[in-house]
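Report on the following structure.
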Amino acid sequence: MDLSPIQNAVASGSYATIADACDELMLQVASRGIAYQEDWPFTVHLLGHIFANDLNSARFLWKSIPQGFKESKPELVAAWRIGQCLWTCDYSGVYDAIRGFEWSPEVAGLVTAFSENYTKKMFQLLSSAYSTIGVADVAHFLGMSEDEATNYALQHGWTLDSSSKMLTVKKPKIITEQKLDPSKLQRLTEYVFHLEH
């Protein structure tokens, strides 16, 4: 069985393509009747779905993995723990699951990239949902200590009221492009001209 498409995606850092590559290869191998489960990179496959934020596919993959593999591969169980925390919206639990396991070199880059993306996503959600928020809450959502969360927020333009330990959110600038269509301008000119005469 040739796992090179998956290995190449992991090695090149093309993490967004891993889940699709694994799904496609699994279908090809299964359709030929080849026994693939012994050599299949279930951890990479599961983390690929988690990275792509496809929790339903991750859940179905987890359910399809034989129990013996789940029991014999602690890294696979650790990857699924991330998925469980995401499913239950246990924000700090996601970070605990990531930090709570010594990841193999094969998946360490994938887990690190997921962690960075997840932190950015959570920070964007906080930025859009709050105008002020407590330091402890930011630390909880970002899986950081209060000092780390404060520094992270300050680096992104937020301000700190140290007496109340509240952060004031710097709202992201909403850029709206106004497209000036010449035909609309012409119609407006004609309309104004018509009103004047």
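Along the sequence shown, residues carry numbers from 1.
- At least one donor-acceptor pair closer than 3.5 Å links the side chain of Thr17 to the backbone N or O of Ser14.
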With side chain to side chain contact (heavy atoms under 4.5 Å, CB included) as the criterion, how do Asp137 and Tyr130 come out once you've worked through the C-alpha distance, each side chain's angles and the decisive distance to 0.1 Å? CA-CA 11 Å; Asp137 292 330; Tyr130 292 92; over 6 Å; no
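- Contact record, Asn53 with Lys121: ND2-NZ, 3.6 Å, taken as the closest heavy-atom pair.
- Under the 4.5 Å side-chain contact rule for hydrophobic residues, Tyr152 and Leu125 share a cluster.
- The line from CD1 of Ile18 to CG of Asp23 is 11.5 Å long, rounded to the nearest 0.5 Å.
- Residues Trp87 and Leu61 share a single hydrophobic cluster, defined by chaining ILVMFWY side chains whose heavy atoms lie under 4.5 Å apart.
- To the nearest 0.5 Å, the span separating CD1 on Ile50 from CG on Leu46 amounts to 4.5 Å.
- A distance of 5.5 Å separates CZ in Phe123 from NE2 in His156, rounded to the nearest 0.5 Å.
- Counting non-hydrogen atoms of other residues, nucleotides and ligands closer than 6.0 Å to CD of Gln28 gives a total above 12.
- For Lys170 (side chain) and Ala153 (main-chain N/O), no donor-acceptor pair under 3.5 Å exists by modelled atom type.
- No continuous path of ILVMFWY side-chain contacts below 4.5 Å connects Met166 to Trp158, so the two sit in separate hydrophobic clusters.
- Shortest non-hydrogen contact noted between Asp161 and Ser164 is OD2-OG, 3.0 Å.
- Counting only distance, with no hydrogens or angles, the side chain of Glu75 and the backbone of Ser104 share a donor-acceptor pair below 3.5 Å.
- Checking side-chain atoms of Arg99 against main-chain N and O of Gly143 turns up a donor-acceptor pair under 3.5 Å.
- Residues Ile133 and Leu154 share a hydrophobic cluster, clusters being chains of Ile/Leu/Val/Met/Phe/Trp/Tyr side chains in contact below 4.5 Å.
- Trp80 CH2 to Cys85 SG: the interatomic distance, rounded to the nearest 0.5 Å, is 10.5 Å.
- Proximity of Phe114 to Leu86: side-chain heavy atoms (C-beta onward) are separated by under 4.5 Å at one or more points.
- Using the six-membered ring where Trp is involved, Tyr91 and Phe141 have ring planes that are tilted, between 30° and 60° apart.
- Side-chain atoms of His49 and Asn56 include no donor-acceptor pair closer than 3.5 Å.
- Leu160 has its side chain within reach of Val135: a pair of non-hydrogen atoms, C-beta onward, lies under 4.5 Å apart.
- Closest approach of Glu146 and Ala136 over heavy atoms only: OE2-CB, 3.5 Å.
- A distance-only check finds a donor-acceptor pair linking the side chain of Ser128 to the backbone of Gln124 [under 3.5 Å].
- Side-chain atoms of Val107 and Val44, non-hydrogen and from C-beta on, do get closer than 4.5 Å to each other.
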Derivation and outcome, side chain to side chain contact (heavy atoms under 4.5 Å, CB included), residues Leu47 and Val111: CA-CA 8 Å; Leu47 287 169; Val111 173; 3.8 Å; yes
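- Residues Met144 and Tyr95 are not in side-chain contact: their nearest non-hydrogen atoms beyond the backbone lie 4.5 Å or more apart.
- By the 6.0 Å contact criterion, CD on Glu190 is enclosed, its count of non-hydrogen atoms from other residues, nucleotides or ligands being greater than 12.
- Residues Trp40 and Ile6 have side chains in contact (heavy-atom distance under 4.5 Å, counting atoms from C-beta outward).
- Atom OG1 of Thr112 is separated from atom CG of Asn117 by 11.0 Å, given to the nearest 0.5 angstrom.
- Asp90 and Arg81 make their closest contact through OD2-NH2, 4.3 Å (heavy atoms, listed as atom of the first residue, atom of the second, distance).
- Note that the OG atom of Ser64 and the CZ atom of Arg59 stand 12.5 Å from one another [nearest 0.5 Å].
- The two residues Gly109 and Tyr15 have their closest heavy-atom pair at C-OH, 3.4 Å.
- Applying the ring pair (Phe, Tyr, Trp, His ring centres under 6.0 Å) criterion to Phe193, with sequence neighbours excluded, gives His197.
- Checked by atom type and distance alone, the side chain of Trp103 pairs as donor or acceptor with a backbone atom of Ile98 at under 3.5 Å.
- By the rule that hydrophobic residues join a cluster once side-chain heavy atoms approach within less than 4.5 Å of another member, Leu55 and Val94 end up as members of one cluster.
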